[in-house]
Protein chains: 2
Amino acid sequence: MARIKTDNHLSRKDVIVTKAAALFREKGFKAASMRDLAEAVGVEAASLYNHIKSKTELLHELCFSVANRFLHKMDEVESQNTKAIDKIEKLLRFHINEMIQHYEEVYVSDREWKHLSDPYLSNFQNQRRIYRKRFAAIIEQGIRNNEIKKIDAATAVLIILHAISGIESWHRSVQKISASELEENMVTILVGGLTNQ
Amino acid sequence: MARIKTDNHLSRKDVIVTKAAALFREKGFKAASMRDLAEAVGVEAASLYNHIKSKTELLHELCFSVANRFLHKMDEVESQNTKAIDKIEKLLRFHINEMIQHYEEVYVSDREWKHLSDPYLSNFQNQRRIYRKRFAAIIEQGIRNNEIKKIDAATAVLIILHAISGIESWHRSVQKISASELEENMVTILVGGLTNQ
DNA sequence: CCTACCGATCGGTAGG
DNA sequence: CCTACCGATCGGTAGG
C-alpha cells in the first residue's frame with residue numbers, strides 16, 4: 001500500500017490487500033476464506049500465494065499500516081506548540097477522517113487484530129497501549145492547565161477512541177448527514193464533553 | 001439463562017451458555033470451536049449436543065437475551081415522566097452497568113451478531129435499528145426542550161453506544177479506577193457533551 | 001496463474 | 001455422556 005506508483009494502476013498485490021480489507025471487514029478475519037478472496041480478485045485461490053505469504057500476512061499488513069499512520073500523526077501533534085485541547089481536537093479529527101476515508105482498513109485494524117499471531121500480536125498490542133498512553137498524557141496536560149474537566153484521562157481516551165469507531169454504523173447507513181456534518185457533530189459532543197465550558 | 005432456579009446451581013445448559021459467551025468473546029465466534037467449548041465445560045464435544053441444538057443457537061440465545069434486557073429498560077424509561085436528559089442518563093447508566101456486570105454476553109452480542117443467520121440475523125438487526133431510533137427520539141425531544149445542544153441525534157446515539165463498548169478495554173486492563181468511578185467519568189463526559197452547560 | 005491435491009480441523013450425527 | 005466417525009471446508013503446497 002505504501003509503494004510509489006508511476007501510474008494510477010494498482011499492483012496485483014495492492015488489489016489483493018484492498019479486497020482482503022473489504023472481506024475481513026464484512027465477514028471477519030476467520031470467516032473470510034482465501035477462496036472468497038480469490039473470487040473477489042478474480043483468480044484461483046492457489047494463485048494468491050504468488051503475491052502473498054499467508055492469510056495472516058494480509059492481516060498484519062493491514063493492521064500495521066493503519067497503526068503507523070496514527071503513530072506518525074501523534075508524533076506530529078505532540079511536537080506542536082499548541083494547547084492540549086487543540087491537540088486533542090486535531091487527533092480527534094484525524095481519527096474521524098481516517099475512519100471515513102479508509103473505513104475498511106481502519107475497521108479491520110480495530111476489530112480483527114486479535115487474530116494476529118506472535119510476534120505481531122504482542123507488538124501490535126504494545127503499540128496500541130503506548131498510543132493510548134500518549135493520548136492520555138495530552139489529556140492530563142489539559143487538566144493541569146485547566147482546559148479540561150477533572151476526569152480520568154484513560155477513561156476519556158477510551159471513550160473518544162471507541163466513539164469514533166461508531167462511524168462504522170454511519171458509514172453503512174443510508175447516510176443522512178454529510179461527512180463534514182458528522183465530523184462537526186462528533187467534535188461538538190466529544191470536545192464539549194471534555195471541556196469545562 | 002432466564003430459567004428460575006430452586007438453588008444456586010446452574011443447569012448444564014446454563015454452564016454451556018456461560019462458557020460459550022466467554023469463549024466467543026475471547027476468540028470470536030468463528031474461531032471458537034465446539035471442541036474448545038467442550039473442554040471448557042469438561043465434556044466431549046459430542047455431548048454438548050444433548051443440551052443445545054447447534055453452535056449458532058448459542059450465539060442467538062446470547063444476542064437476544066442481551067437485546068431483550070435493553071428493550072425492556074427502554075420501555076421502562078420511555079414511560080417515565082422525566083426530562084429527556086434524565087432519561088438519557090438513566091439509559092447510559094444502565095448500559096454501563098450491563099457492560100460491567102455482564103461483560104462477556106454484552107460484548108458478544110455487540111461484536112459477534114453478524115455471525116447470526118437468518119431469520120435471526122435480520123430480526124436482530126431490526127431490533128437494533130428500532131432501539132437506536134427510540135434512543136434518538138429521546139435526544140430529539142431533549143433538543144426541542146432546549147435541554148440538549150442542537151446536534152444530530154443519530155450521531156449522538158452512535159457516539160454514546162460505541163463509547164460504552166469501550167468499557168471492554170477497562171474491563172481487561174489492570175483496572176486503575178473503580179467501576180463507580182468509571183461510571184461517573186463516562187456520565188460526566190457524555191452527558192456533559194450533550195448538554196448546553 | 002492453473003490443476004490437482006494435502007493434512008488438519010470444523011460442526012455435527014449414529015449408536016449405544 | 002462417550003466412542004467412533006461423517007462430509008465439508010479450510011490454508012497452503014507441488015509441479016508445471
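What you are looking at is a predicted structure, and each value in this text was computed from that prediction instead of being measured. Each chain gets a letter, A, B and so on, in the order the sequences are listed, and its residues count up from 1. Just so it is clear, the values below take in all heavy atoms, side chains as well, and ignore hydrogens, waters and symmetry mates.
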## Note on the structure
Between A:Ile16 and A:Leu37 the two heavy atoms that sit nearest each other are O-CD1, 3.8 Å
### Query
Which of residues 107-116 of chain B sit near DNA chain D, with a heavy atom under 4.0 Å from it?
none
### Summary
The dot-bracket string of DNA chain C, counting Watson-Crick and G-U wobble pairs with both distances under 3.5 Å, using [ ] for crossing pairs and | for pairs to another strand, is ||||||||||||||||
### Query
So B:Gln125 and B:Arg128, side-chain hydrogen bond (donor to acceptor under 3.5 Å, both in side chains) or not? Walk me through it.
CA-CA 5 Å; B:Gln125 286 175 308; B:Arg128 193 169 242 251; over 6 Å; no
### Task
State plainly whether the residues A:Arg134 and A:Asp75 are in salt-bridge range, i.e. N to O under 4.0 Å.
yes
### Partner set under ring-ring contact (aromatic ring centres under 6.0 Å, His included) for A:Phe70, not counting sequence neighbours
A:Phe94, A:His95
### Query
Is any NZ, NE, NH1 or NH2 atom of the basic residue among A:Glu183 and A:Arg93 found under 4.0 Å from an Asp or Glu carboxylate oxygen of the other?
yes
### Query
Backbone N or O of A:Glu184 within a donor-acceptor pair of the A:Thr188 side chain at under 3.5 Å?
yes
### Query
Can a salt bridge be assigned to the pair B:Glu105 and B:Arg69 using a cut-off of 4.0 Å between side-chain N and carboxylate O?
yes
### Query
Is the shortest side-chain N to carboxylate O distance from B:Glu168 to B:Arg111 below 4.0 Å?
yes
### Partner residues of A:His162 under the ring-ring contact (aromatic ring centres under 6.0 Å, His included) criterion, sequence neighbours left out
none
### Message
Across nucleotides 3-16 of chain C, 5' to 3', mark each nucleotide with B, S or - according to how protein heavy atoms within less than 4.0 Å reach it.
### Response
BB-----BBBB---
### Task
Mind checking ring-ring contact (aromatic ring centres under 6.0 Å, His included) for B:His171 and listing every partner two or more places apart, or none if nothing turns up?
B:Tyr103
